[in-house]
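Structure record follows, encoded as structure tokens.
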Amino acid sequence: MKNICVITATRSEYGLLRWIIDLLSKDEDINLQIVATGSHLSEEFGMTYHFIEDDGYHIDEMIDMELHTEDLYTIPRSMGICAEKISYAFNRLNPDMVVILGDRYELLPIVSTALLFNIPIAHISGGDITEGAIDNEVRNAVTMMSTLHFPGTEEAAERIRRMLGTNNNIFTVGEPGLDSFLHYQLMNRSELAQQLNLDENKKWMLVTLHSETKESLDYNIQMSKNLYHAMLQQKNVQFVVTKANADFGGSHINVYYASQRNDNLRVVASLGQKRYLSFMHQAACVLGNSSSGIIEAPFLGIPVVNVGDRQKGRYMCRNVICCGIQQKNICDAISQIDNYRYVDNYWGDGHASERIVQHIREFFKEKK
């Protein structure tokens, strides 16, 4: 029996890993281990490790990296704490493989420690490009340290081949975030209205704005204000804002939105994956710069107004309108959303998790 350790640091990341975890938990030849860290253990971000437990999974280690994002000095300190604590966790759990996803900075101390422990690393969603954030550099660094690679698209796979100089252990599987659409029965409009205290007869818009980590704090605060004032220009619309993630500047964005007194605004730390996707399905559009607007929304054909450069470099499906951060840019983009209702399956078919788990099984069979 192989110990497969899945590590998650954010609410959104867990949502993408959810069905991989589920398949691993049901495999008789695999002992699933789950490590929760990062913003999962932060009160500011909703203590979202509870979502993992609510889905019926046991968390083997909780790594409190004392995450604070008020300034640039506290984040490297948190990464150092993570490296120390994850080494103790690996020593206790003795994993045969570590499974991680994406491009969060929390991954750097995790994968570097796994590398030193000589633990194979399976990396999901490598090979993408996001020029407006340090995620780009983090993602590529993680790729260089990983053993198995599960890019979402063939274009991403080709970038990994160029980086590594080999085609070995690179498997194009699709993006696992789409798998939830085939597993969940999405909530209806009435259920969402009741839970979120919304008027189901009004238009709804889903808003998630993260900081652009290559820009200044002033830039990110101004971007937040511009988006909010563009929202105020919309008539007969209610907005649900999910909090920015734990990047530098994210807490400042969250404080700004939480301070607004507006009957048409709901600010939540996390909707949870099922409710988030259900609300996206019912929304008139997705606003902000979340990767969910780039990857998940096209699967539903929901229009997206992608603000700024955080996602610059990624493939943009036909339902996505890219705009600058000025209020006028955002308002002009919102005015066009009815012309951008296109379903696009560029990012996958909803079966990525099955392919990933199968390749992990085959990796260990070949090593026998």
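We count residues from 1, following the sequence as given. This structure is a prediction, so every number in the text was calculated from the model and none was measured.
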Could you identify which residues cluster with V343, counting Ile, Leu, Val, Met, Phe, Trp and Tyr as linked when any side-chain heavy atoms lie under 4.5 Å apart, either directly or through a chain of such contacts?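 Its cluster partners, ordered by chain and number, are none at all.
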Other than M144, what residues sit in its cluster of Ile, Leu, Val, Met, Phe, Trp and Tyr side chains whose heavy atoms are under 4.5 Å apart, directly or through others?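 Other cluster members: I160, M163, L164, I170.
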Do you know which of R314, R310, R104, K214 makes salt bridge (charged side-chain N to carboxylate O under 4.0 Å, His left out) with D135?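 Single salt bridge (charged side-chain N to carboxylate O under 4.0 Å, His left out) partner of D135 among R314, R310, R104, K214: R310.
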Give a yes or no answer on whether the side chain of [X] reaches the backbone of [Y] with a donor-acceptor pair at less than 3.5 Å.
{"X": "R318", "Y": "Y342", "result": "no"}
{"X": "D60", "Y": "V35", "result": "no"}
{"X": "Q336", "Y": "D332", "result": "yes"}
{"X": "Q234", "Y": "A230", "result": "yes"}
{"X": "R159", "Y": "G127", "result": "yes"}

[X]: side chain to side chain contact (heavy atoms under 4.5 Å, CB included) partners, not counting sequence neighbours:
{"X": "M62", "result": "L41, Y49, E53, I59"}
{"X": "A122", "result": "M97, V99, L148, F150"}
{"X": "F181", "result": "L178, L186, L277, E296, F299, L300"}

Counting C-beta onward and ignoring hydrogens, is there a side-chain heavy-atom pair between [X] and [Y] closer than 4.5 Å?
{"X": "C323", "Y": "V305", "value": "yes"}
{"X": "V307", "Y": "L287", "value": "no"}
{"X": "V142", "Y": "D103", "value": "no"}

For N254, what residues pass the side-chain hydrogen bond (donor to acceptor under 3.5 Å, both in side chains) criterion, not counting sequence neighbours?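 Here no residue qualifies.
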Return the set of residues passing side-chain hydrogen bond (donor to acceptor under 3.5 Å, both in side chains) with Q195 (not counting sequence neighbours), or none when no residue passes.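 side-chain hydrogen bond (donor to acceptor under 3.5 Å, both in side chains) list for Q195, sorted by chain: R275.
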Classify the ring geometry between Y228 and Y256 as parallel (under 30°), tilted (30 to 60°) or perpendicular (over 60°).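 Rings of Y228 and Y256: perpendicular, as their planes differ by over 60°.
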Under a 3.5 Å threshold, yes or no: a donor from one side chain and an acceptor from the other, between [X] and [Y]?
{"X": "N226", "Y": "Q222", "value": "yes"}
{"X": "T143", "Y": "H149", "value": "no"}
{"X": "Q358", "Y": "E354", "value": "no"}
{"X": "T242", "Y": "T208", "value": "yes"}
{"X": "S353", "Y": "D179", "value": "yes"}

Atom CD1 in I321, atom CG in N339: separation rounded to 0.5 Å?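 I321 atom CD1 to N339 atom CG measures 8.0 Å (nearest 0.5 Å).
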Rounded to the nearest 0.5 Å, how far does CD1 of I34 lie from OG1 of T8?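 Reported to 0.5 Å precision, the distance equals 9.0 Å.
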I'd like to know whether K365 forms a salt bridge (Lys or Arg N to Asp or Glu O under 4.0 Å) with E362, so could you lay out the CA-CA distance, the side-chain angles of the two residues, the decisive distance to 0.1 Å, and finally the verdict. CA-CA 5 Å; K365 285 180 183 178; E362 291 171 357; over 6 Å; no
Sequence neighbours left out, what pairs pass ring pair (Phe, Tyr, Trp, His ring centres under 6.0 Å) with at least one residue falling in [range]?
{"range": "residues 185-208", "answer": "W204-F279"}
{"range": "residues 101-140", "answer": "F90-F117"}
{"range": "residues 301-329", "answer": "Y315-Y346"}

Pairs flagged by side chain to side chain donor-acceptor pair (under 3.5 Å) wherever residues 283-293 is involved - sequence neighbours left out: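 Every pair satisfying side chain to side chain donor-acceptor pair (under 3.5 Å) with a residue in residues 283-293: Y276-S292, S290-S292.
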With sequence neighbours left out, which residue pairs that include part of residues 14-24 fulfil the side chain to side chain donor-acceptor pair (under 3.5 Å) condition?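 Residue pairs passing side chain to side chain donor-acceptor pair (under 3.5 Å), neighbours aside: Y14-D55, R18-D55, R18-Y57, W19-S180, D22-K26, D22-Y57.
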